[in-house]
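Below is one structure, written out as structure tokens; the observations come after it.
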Amino acid sequence: MNKGLLALSPLIVFMGLYLGLSIIAGDFYKVPMTVIFMISSIYAIAISGGFPLKRRIDIFTRGASSDNLMLMLWIYVLAGAFAASAKEMGAIDATVNLALNILPPSMILPGLFVAACFISISIGTSVGTVVALVPIAAGIAHQTGGNVALMTAVIVGGAYFGDNLSFISDTTVVATQTQGCKMSDKFRVNSLIVAPAVVVIMIIYAVMGSGMHAPGHVPDIDYLKVIPYLVVLITAVSGMNVMAVLAVGILLCGIIGIFGGSYDLFSWLSAMGKGITGMGELIIVAMMAGGMLEIIRENGGIDYIIRKLTAHVHGKRGAELSIGALVSLVNVCTANNTVAILTVGNIAKQIGDKYGVDNRKAASILDTFSCMVQGLLPYGVQMLLAAGLAGINPVQIIPYLFYPMAIGLSAILSILLRYPKKYS
């Protein structure tokens with residue numbers, strides 16, 4: 001086997017096993033993602049020739065405990081504790097009732113999407129948006145008899161609106177820095193590229209929501225119990241660190257829950273404990289994915305992708321398509337869109353300069369394609385977190401991720417149709 005393909009083969013093994021066994025079983029729930037990642041990780045360590053076994057395990061461990069990954073895992077822990085203590089205290093039900101009172105049933109889907117877009121572009125992080133809104137969306141789905149996977153996907157899609165466009169998003173910062181352009185210029189180009197996708201998705205959600213029905217009886221709103229979610233949203237939008245936001249939310253749930261009689265101290269601690277342990281599977285999957293992907297990188301899998309895609313570039317369209325394909329494939333191998341842009345940013349800049357690609361459009365292509373791929377990865381941190389908070393399998397969410405699919409299609413059309421003209 002070609003050395004580059006061999007380096008990438010753990011990812012192929014993972015996807016082949018997970019999809020193949022799920023199709024055979026006829027149910028994605030019957031195939032534990034943790035076991036498939038374990039098998040793929042063992043395979044990755046086994047095929048890493050040229051290194052002693054201890055060195056291979058060290059490489060895997062380094063990937064499974066990288067700074068970025070550990071930060072995500074701490075967010076998982078805090079998110080689990082917050083979601084469970086809020087649910088036990090009645091914050092989710094109160095917030096859902098408030099939303100059902102404010103929004104007519106036909107506007108629930110577009111309303112949730114707009115809320116996710118607003119929060120994500122304000123805080124610049126898809127993770128923070130998912131943490132804040134997925135429990136509410138899942139609660140609305142249960143109250144209205146709606147599709148939990150669809151409601152969750154609406155939030156995940158809106159979360160990538162801001163991840164892609166926000167001035168304070170990591171992906172925006174890295175894309176503009178590597179391509180040497182201003183954030184405001186990149187925003188202008190990027191917003192023109194994704195605008196058709198936003199309009200189409202809003203129409204789709206409006207049509208899909210027209211058949212939704214409100215529950216027969218919406219209970220009275222306990223406004224005191226809504227406070228933790230309101231504070232989480234306000235502090236997140238104001239720019240507070242997402243871990244600090246969650247810590248404040250947990251403390252508020254405890255204070256309101258204990259003094260309001262929803263639970264006592266030990267019930268609160270028990271709820272947090274269940275929430276944290278409920279995130280255990282996601283933490284294990286994230287760590288094994290990080291380790292396996294680090295071995296792929298160390299063995300030259302990412303270098304192989306870059307080399308192959310840049311070998312056949314001809315003309316401006318080919319250069320732009322290769323930049324999009326490059327960041328997409330590296331994103332699949334790293335499960336982190338910021339890292340993917342960092343990895344290929346300088347190469348994308350060289351390709352763009354050689355074929356006359358506008359650096360503002362190159363930055364937009366890098367950001368949009370990376371957000372599209374990250375938004376569709378079942379083992380991406382955002383998808384795992386959303387699935388965990390909603391209590392479903394991440395694969396169930398994928399068919400409803402209309403916005404990531406739409407921005408990917410918009411980005412491809414912007415290359416093929418030379419749109420926007422001024423920057424093409």
Exam field: side chain S120 to backbone S126, donor-acceptor pair closer than 3.5 Å: no
Heavy-atom donor-acceptor pair, S9 side chain to L6 backbone, under 3.5 Å: yes
P10 versus A7, closest heavy-atom pair with distance: CD-O, 3.2 Å
Heavy-atom check, side chain of L109 versus side chain of F113, under 4.5 Å: no
Check: F60 and R56 side chains under 4.5 Å, non-hydrogen atoms: no
Over all atoms of both residues, closest heavy-atom pair of V232 and A132: CG1-CB, 4.3 Å
Distance (rounded to the nearest 0.5 Å) between T343 OG1 and I302 CD1: 5.5 Å
Nearest atoms (heavy-atom pairs only) where M272 meets A81: CG-O, 3.9 Å
Side-chain donor or acceptor of K361 paired with backbone N/O of V189 under 3.5 Å: no
Polar side-chain atom of S40 near backbone of F37 as donor-acceptor pair, under 3.5 Å: no
Exam field: side chain T129 to backbone A159, donor-acceptor pair closer than 3.5 Å: no
Ring geometry between Y400 and F402 (parallel below 30°, tilted from 30 to 60°, perpendicular above 60°): perpendicular
Residue pair A149 / I392: nearest heavy atoms and the distance that separates them: CA-CD1, 3.7 Å
CA sep, side-chain torsions, deciding dist, call: Q396, V148, side chain to side chain contact (heavy atoms under 4.5 Å, CB included): CA-CA 9 Å; Q396 290 178 279; V148 177; over 6 Å; no
Whether D222 side chain and A94 backbone form a donor-acceptor pair below 3.5 Å: no
Cationic N near anionic O, under 4.0 Å, E294 to R297: yes
T171 and its side chain to side chain donor-acceptor pair (under 3.5 Å) partner, picked from D163, T176, N337, T338: D163
Side chain to side chain contact (heavy atoms under 4.5 Å, CB included) between Y223 and L98, worked out: CA-CA 8 Å; Y223 288 99; L98 178 63; 4.0 Å; yes
Donor-acceptor contact present, side-chain K182 to main-chain R360, <3.5 Å: no
Value rounded to 0.5 Å, distance of CG in L11 from OH in Y43: 11.5 Å
Whether N393 side chain and V395 backbone form a donor-acceptor pair below 3.5 Å: yes
Min side-chain heavy-atom separation N190-T368 under 4.5 Å: yes
For M33 against P394, the heavy-atom pair lying closest together: CE-CG, 3.9 Å
Spacing of CE belonging to M405 relative to CD1 belonging to I398, to within rounding of 0.5 Å: 8.0 Å
Side chain to side chain, V156 and Y403, heavy atoms closer than 4.5 Å: no
SB check K349 D353 (cutoff 4.0 Å): yes
Residues K274, E88: salt bridge by 4.0 Å N-O rule: no
Derivation and outcome, side chain to side chain contact (heavy atoms under 4.5 Å, CB included), residues Y419 and S410: CA-CA 10 Å; Y419 173 83; S410 290; over 6 Å; no
Ionic contact status for D185 with R188, cut-off 4.0 Å: yes
Close side-chain approach of T172 to K186, heavy-atom, < 4.5 Å: yes
Heavy-atom side-chain contact between L385 and V127 under 4.5 Å: yes
Main-chain N/O of G345 paired to Q179 side chain as donor or acceptor, under 3.5 Å: yes
Evaluation steps, side chain to side chain contact (heavy atoms under 4.5 Å, CB included), between V131 and V245: CA-CA 10 Å; V131 166; V245 166; over 6 Å; no
Minimum heavy-atom distance between Y76 and A286, given as atom pair plus value: CE2-CB, 4.3 Å
Separation of K87 NZ from L389 CG (nearest 0.5 Å): 11.0 Å
Nearest-0.5 Å distance, OG of residue S370 to CG of residue N331: 5.5 Å
N336 CG to L69 CG distance, which is reported to the nearest 0.5 Å: 9.0 Å
Check: A362 main-chain N/O paired with E320 side-chain donor or acceptor under 3.5 Å: no
pair V357-I351: side-chain heavy atoms closer than 4.5 Å: no
Minimum side-chain heavy-atom gap I415-F369 below 4.5 Å: yes
